[in-house]
**Q** 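Just passing along the structure, written as structure tokens.
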There are 2 protein chains.
Amino acid sequence: MTTEEKIITAAEQIFMEQGFDGARMQAIADKAEINKAMLHYYFRSKDMLFEKIFVEKVKVLFPAIGEQMKQHLSFIDKVCFFIEQYYQILNKYPFLPFFVISTVNKKDNQHFIQKLPIDFFKEFFLESFFQDQAQGKIRQVNPFQFALSLMGMSVFPFLAKPALVGITQMSDGDFTELMNQRVVELQTYAKLILTP
Amino acid sequence: MTTEEKIITAAEQIFMEQGFDGARMQAIADKAEINKAMLHYYFRSKDMLFEKIFVEKVKVLFPAIGEQMKQHLSFIDKVCFFIEQYYQILNKYPFLPFFVISTVNKKDNQHFIQKLPIDFFKEFFLESFFQDQAQGKIRQVNPFQFALSLMGMSVFPFLAKPALVGITQMSDGDFTELMNQRVVELQTYAKLILTP
DNA sequence: TGAAAAATTAACCATTTGGTTAAATCATTT
DNA sequence: AAATGATTTAACCAAATGGTTAATTTTTCA
């Protein structure tokens with residue numbers, strides 16, 4: 001493992017746990033087991049290190065599942081496929097949604113918003129939606145509202161995970177189990193909402 | 001306006017915008033137009049000031065709409081009423097969900113999790129759910145999953161507001177308009193999901 | 001092998017930050 | 001008005017933080 005990789009791995013953890021403001025360069029250095037000066041040697045500044053991590057992580061959260069989506073013909077199929085794929089990612093990186101949301105929610109972070117890769121929304125979601133709706137294959141719902149709902153339902157348990165786990169006393173395994181059940185539950189909801 | 005009120009008002013804004021770590025005591029003092037020492041005179045420390053704000057704001061986000069809910073007989077009615085009431089609160093305090101989520105998501109904040117008033121979930125949500133489900137008035141969905149979905153659909157647009165506004169170039173008025181439309185959209189979704 | 005380049009370290013620095021303090025001002029009561 | 005207590009201020013402080021630097025070690029390669 002190179003020093004650069006050690007730094008990135010450590011920075012990911014610290015930034016995800018503590019956020020940009022809460023993260024300390026020394027803490028990253030400690031976790032990476034390197035001298036603090038190396039952080040600046042490789043990434044110049046805290047801002048640049050953070051941006052590196054953010055850009056990388058955002059690619060994971062807005063994945064390139066567009067290609068695979070083409071296989072699924074109807075809009076409803078696409079949505080169900082999305083839920084399934086997305087929960088694999090979320091289960092793997094449960095802190096990602098909060099990391100992205102909290103970065104984007106800070107003032108003067110318009111800069112990071114532009115970095116969000118959202119093309120696939122127009123390309124696969126909207127296009128397919130209107131096509132199927134014109135054919136009467138899905139109900140007259142507002143596609144934008146539906147997209148927000150789909151994202152919200154998917155992502156919210158992960159945003160609220162610490163609260164959920166804290167309140168219900170469930171283990172990490174319990175949570176994963178709940179999220180696995182959730183895939184088919186959300187697919188059912190989507191079908192109920194969309195099927196005319 | 002007393003000094004204490006000035007402080008609270010200023011602290012609310014700064015903490016909501018910047019989070020605990022990002023907030024500066026000096027910034028709060030400046031916004032309140034008072035001397036920084038007053039903050040400690042009235043609230044002792046940054047932690048105690050923050051806690052004061054958090055506890056207060058959390059009461060707003062988990063409102064006492066339980067009483068009014070009794071009027072609504074069926075579970076579906078209750079859910080629709082909840083959506084309507086909740087969006088009034090969210091439109092008024094759009095940054096609250098992020099504030100609470102981001103506080104709770106930080107390590108070592110188990111302490112704040114205990115402060116979340118969630119009794120009304122068991123009291124009004126679960127109880128009514130099982131009652132109506134036993135009578136076959138609602139579909140066989142998992143109440144916990146449904147609650148998570150309902151919260152997620154409701155709250156997510158506000159969590160993602162900066163990104164949404166940034167990407168779509170919509171104005172604040174556009175956003176509010178979208179959220180107003182959203183009330184009936186979500187009520188429709190809830191009915192479609194729950195009605196057998 | 002040996003010199004140049006890259007990587008690493010320890011010590012250091014300027015600034016910021018939450019918090020304190022002692023003195024000053026204002027309000028209240030007698 | 002004088003004494004008392006509450007409120008407010010400016011100056012200050014120690015600790016922490018992001019960042020730098022000069023020297024040292026390791027790697028590269030002619």
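Computed from a predicted model, the values in this text were never measured in an experiment. Note on naming: letters A, B, ... go to the chains in the order of the sequence lines (proteins, then strands), and numbering restarts at 1 for each one.
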**Q** In whole angstroms, how far is the P atom of C:dG19 from the CE atom of B:Met38?
**A** 16 Å

**Q** Round to a whole Å and report the spacing from CE of B:Met48 to P of C:dG19.
**A** 11 Å

**Q** What nucleotide, of C:dG19, D:dT8, D:dG19, holds the atom closest to the side chain of B:Tyr41?
**A** D:dT8

**Q** May I ask you to check whether A:Phe158 and A:Tyr87 place their ring centers less than 6.0 Å from one another?
**A** yes

**Q** Rounded to whole Å, how long is the line connecting atom CG of A:Leu49 with atom C1' of D:dT17?
**A** 15 Å

**Q** On DNA chain D, nearest-nucleotide positions of A:Ala37 versus A:Asp21: which is more 5'?
**A** A:Asp21

**Q** Report the distance from atom CZ of A:Phe43 to atom P of D:dT20, rounded to the nearest whole Å.
**A** 16 Å

**Q** Expressed as a whole number of angstroms, how long is the span from A:Asp30:CG to D:dA16:P?
**A** 14 Å

**Q** Would a line drawn from the ring center of B:Phe50 to the ring center of B:Phe15 be shorter than 6.0 Å?
**A** yes

**Q** Answer with base, sugar-phosphate or nothing: what part of the nucleic acid does A:Met25 contact at a heavy-atom distance below 4.0 Å?
**A** sugar-phosphate

**Q** What I want to find out is whether A:Glu12 reaches A:Lys57 closely enough, with some N-O distance under 4.0 Å, to be called a salt bridge.
**A** yes

**Q** Nearest whole Å is fine: how far is C:dG18 P from B:Lys36 NZ?
**A** 7 Å

**Q** So what does A:Ala23 hit on the nucleic acid, given a heavy-atom distance under 4.0 Å: a base, only sugar-phosphate, or nothing?
**A** sugar-phosphate

**Q** The side chain of A:Asn35 lies closest to which of these nucleotides: C:dA10, C:dT8, C:dG19?
**A** C:dA10

**Q** Tell me whether the side-chain N or O atoms of A:Lys46 pair up with the base of D:dG19 as donor and acceptor below 3.5 Å, since no angle test is needed here.
**A** no

**Q** Send over the distance from B:His40 NE2 to D:dT7 C1', rounded to a whole Å.
**A** 16 Å

**Q** Between A:Arg182 and B:Ser149, does any side-chain donor sit less than 3.5 Å from a side-chain acceptor?
**A** yes

**Q** Side chain of A:Arg24 only, heavy atoms from C-beta on: which candidate in C:dT17, D:dT17, D:dT8 is closest?
**A** D:dT17

**Q** Look at the side chain of B:Lys46 and the backbone N and O of B:Phe20, then say whether any donor-acceptor pair between them is shorter than 3.5 Å.
**A** yes

**Q** The side chain of B:Thr3 is closest to which nucleotide in this list: C:dT20, D:dT8, C:dT17?
**A** D:dT8

